[in-house]
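Since the structure comes first, as structure tokens, the remarks are kept for the end.
Lettering follows sequence order; numbering is per chain, from 1.
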Number of protein chains: 2
Amino acid sequence: MRRSSEDTKAAILAAARERFAADGFQAATIRAIASDAGIDPAMVMRYFGNKEKLFAAAADFDLRLPDLTTIPRDEVGRALAGHFMDRWEQDEGMMILLRTGVTNEAVAERMRDIFAGQLGPLIAGIGDAARPAPVRAGLVATQVLGMALCRYVLRLPPVVAMSREDVVDWLGPTLQRYLVGDAHTAPSAASRG
Amino acid sequence: MRRSSEDTKAAILAAARERFAADGFQAATIRAIASDAGIDPAMVMRYFGNKEKLFAAAADFDLRLPDLTTIPRDEVGRALAGHFMDRWEQDEGMMILLRTGVTNEAVAERMRDIFAGQLGPLIAGIGDAARPAPVRAGLVATQVLGMALCRYVLRLPPVVAMSREDVVDWLGPTLQRYLVGDAHTAPSAASRG
DNA sequence: AGTGTAGGCCAACATGTGTTGACATCCATC
DNA sequence: GATGGATGTCAACACATGTTGGCCTACACT
């Protein structure tokens with residue numbers, strides 16, 4: 001069965017995204033990707049030039065952040081937590097960035113651009129001018145990427161076992177404080193469920 | 001100049017820790033490590049057997065958690081945040097685990113063991129029995145590892161720019177809530193500094 | 001039927017890697 | 001000073017990888 005050029009290219013890209021997400025840049029081999037796509041390694045070179053360009057095509061990713069200004073101010077933390085959870089599970093792009101960014105400076109820079117360029121402006125629109133938006137964006141990144149790391153990459157059992165709602169319940173207030181709160185907002189440990 | 005066996009072994013181990021921390025497992029080559037240590041690659045094999053065993057020796061790491069029961073209950077979050085900050089900066093062991101654990105299942109399992117075995121019991125001693133300690137330990141791990149990832153690996157500029165005290169101020173309340181609080185503890189955004 | 005072109009495969013090359021075994025060199029001991 | 005073990009180097013092997021160029025094959029069109 002013969003495929004069209006576009007079909008083959010798409011098959012290669014799909015296989016590449018899976019392999020890069022599962023194994024990282026170095027461990028994901030052209031041969032393995034080609035095998036998954038059911039074609040010869042030479043085809044990968046034909047369609048994408050080299051491994052770096054294939055990776056660049058596979059690592060395309062956008063946070064697709066919602067407009068936070070349409071959300072009630074006191075629910076913005078939970079909304080963002082839920083959005084990231086959905087985003088992580090629907091698109092393996094973030095897994096690719098996480099697995100490769102830790103050992104590839106170019107990818108790390110891309111992640112810096114994504115979080116500064118997409119999350120920063122969003123937060124600037126809702127936050128308190130007294131605390132700079134980049135710091136708030138950075139803090140949100142630490143909690144959100146840490147959750148992705150522990151849940152999907154390291155697979156810490158209690159973190160994997162949490163439901164989406166559990167995650168939103170726990171991370172929501174944290175993100176809320178990072179977004180619109182103040183460093184010294186003390187948590188109250190009095191109320192118990 | 002001739003060195004003793006132990007000196008050479010220590011030099012190799014030091015070079016290996018730096019390389020593994022900077023480049024990860026695959027990108028850190030025996031040849032580069034040997035070159036850093038000023039010896040022939042064959043010596044590495046003689047003293048450590050193979051690359052995996054060298055890595056196992058280099059990736060030795062302990063969280064060295066303090067006894068939280070001696071700390072006032074409402075300061076436990078800040079204390080833990082400060083401890084992790086110190087630990088990250090003094091010992092490159094965590095950088096090694098972070099850079100390699102994302103693409104190496106054996107290392108990921110080791111991190112699971114570390115956080116479940118060291119952090120879990122500690123938290124069980126101070127927490128609320130109503131919420132299981134493993135979940136609390138997992139949540140702490142998400143925030144603490146996320147900070148390490150963003151600050152030392154991805155180097156997000158606003159996160160790098162924060163002082164140790166800034167980090168403790170922001171992460172302290174978060175960890176406090178994860179440790180002894182309740183999921184629905186709402187942050188108060190009223191007070192401003 | 002003949003033919004050109006796009007899609008696909010095969011074999012090979014250059015390179016870098018972990019790893020090994022043979023050889024060299026220093027130093028303590030007799 | 002001779003000897004033997006510890007310390008170290010060298011060259012090479014076996015293997016996997018990214019990459020390349022040549023060749024094959026099906027299909028559309030005349």
Side-chain angles (χ1 to χ4, degrees), chain A residues 1-60 96 99-107, chain B residues 1-60 96 99-107:
Chain A
M1 195 64 174
R2 200 105 166 242
R3 289 180 288 199
S4 82
S5 173
E6 287 305 311
D7 286 350
T8 301
K9 206 168 170 180
I12 293 171
L13 205 55
R17 287 176 66 84
E18 278 190 26
R19 284 284 180 178
F20 284 133
D23 305 334
F25 182 77
Q26 302 208 40
T29 69
I30 296 278
R31 281 170 166 85
I33 291 167
S35 172
D36 287 356
I39 45 111
D40 190 271
M43 299 300 320
V44 178
M45 311 308 295
R46 166 120 73 206
Y47 287 125
F48 291 92
N50 59 29
K51 191 181 180 181
E52 293 249 347
K53 289 179 187 167
L54 171 63
F55 177 79
D60 188 34
I96 297 178
R99 281 232 164 77
T100 59
V102 296
T103 48
N104 184 320
E105 178 53 26
V107 178
Chain B
M1 193 68 171
R2 197 104 165 242
R3 289 180 289 198
S4 81
S5 172
E6 287 306 311
D7 286 350
T8 300
K9 207 169 169 179
I12 293 171
L13 205 54
R17 286 175 67 83
E18 277 189 29
R19 284 285 180 176
F20 283 133
D23 304 334
F25 182 78
Q26 303 208 41
T29 69
I30 295 279
R31 282 170 166 84
I33 292 167
S35 172
D36 288 355
I39 45 112
D40 189 271
M43 299 300 317
V44 178
M45 310 309 294
R46 165 127 61 212
Y47 287 125
F48 291 92
N50 59 30
K51 191 181 181 182
E52 293 250 346
K53 289 179 187 170
L54 171 63
F55 177 79
D60 189 33
I96 297 178
R99 280 231 164 78
T100 59
V102 296
T103 48
N104 184 320
E105 177 53 25
V107 178

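Summarising the geometry, the separation between NZ on B:K53 and C1' on C:dT19 is reported as 13 Å, rounded to the nearest angstrom. In this structure, CD of A:Q26 is placed 14 Å from P of C:dG16, rounded to the nearest angstrom. Summarising the geometry, the separation between CD1 on B:I33 and C1' on C:dT17 is reported as 12 Å, rounded to the nearest angstrom. Atom C1' of nucleotide D:dA16 and atom NZ of A:K51 are separated by 11 Å, given to the nearest angstrom. Atom CZ in A:R3 sits roughly 16 Å away from atom C1' in D:dT25 (whole-Å rounding). Remark: P of D:dT19 and CD1 of A:I30 are 6 Å apart, rounded to the nearest angstrom.
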Could I get a table of every N or O pair under 3.5 Å where one atom is in the protein and the other is in nucleotides 24-26 of chain C?
| from | atom 1 | to | atom 2 | distance (Å) |
| --- | --- | --- | --- | --- |
| C:dC26 | O4' | B:R2 | NH1 | 3.0 |
| C:dC26 | O2 | B:R2 | NH1 | 3.0 |
| C:dC26 | O2 | B:R2 | NH2 | 3.4 |

Under 3.5 Å, sequence neighbours excluded: what are the donor-acceptor pairs made by side chains of residues 26-34 of chain B?
| from | atom 1 | to | atom 2 | distance (Å) |
| --- | --- | --- | --- | --- |
| B:T29 | OG1 | B:A32 | N | 3.0 |

Without placing hydrogens or testing angles, list every side-chain donor-acceptor pair under 3.5 Å for residues 10-25 of chain B, not counting sequence neighbours.
| from | atom 1 | to | atom 2 | distance (Å) |
| --- | --- | --- | --- | --- |
| B:R17 | NH1 | B:A58 | O | 2.6 |
| B:R17 | NH2 | B:D91 | OD1 | 2.8 |
| B:R19 | NE | B:D36 | OD2 | 2.7 |
| B:R19 | NH2 | B:D36 | OD1 | 3.3 |
| B:R19 | NH2 | B:D36 | OD2 | 3.4 |

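Of all the heavy atoms in A:V102 and A:R99, the pair that sits closest is CG2-O, 3.9 Å.
A donor-acceptor contact under 3.5 Å is formed by the side chain of B:R31 with the base of C:dG18.
With sequence neighbours excluded, the residues forming a side chain to side chain contact (heavy atoms under 4.5 Å, CB included) with B:D60 are B:R110, listed by chain and number.
Here the side chains of A:T103 and B:T100 are not in contact, with every heavy-atom distance at 4.5 Å or above.
Within a heavy-atom distance below 4.0 Å of DNA chain D, the residues of residues 6-19 of chain B found are B:T8. Residues of residues 38-47 of chain A that place a heavy atom closer than 4.0 Å to DNA chain D, in numerical order, are A:A42, A:M45.
In this structure, NZ on A:K9 lies 11.0 Å from CE on A:M43, to the nearest 0.5 angstrom.
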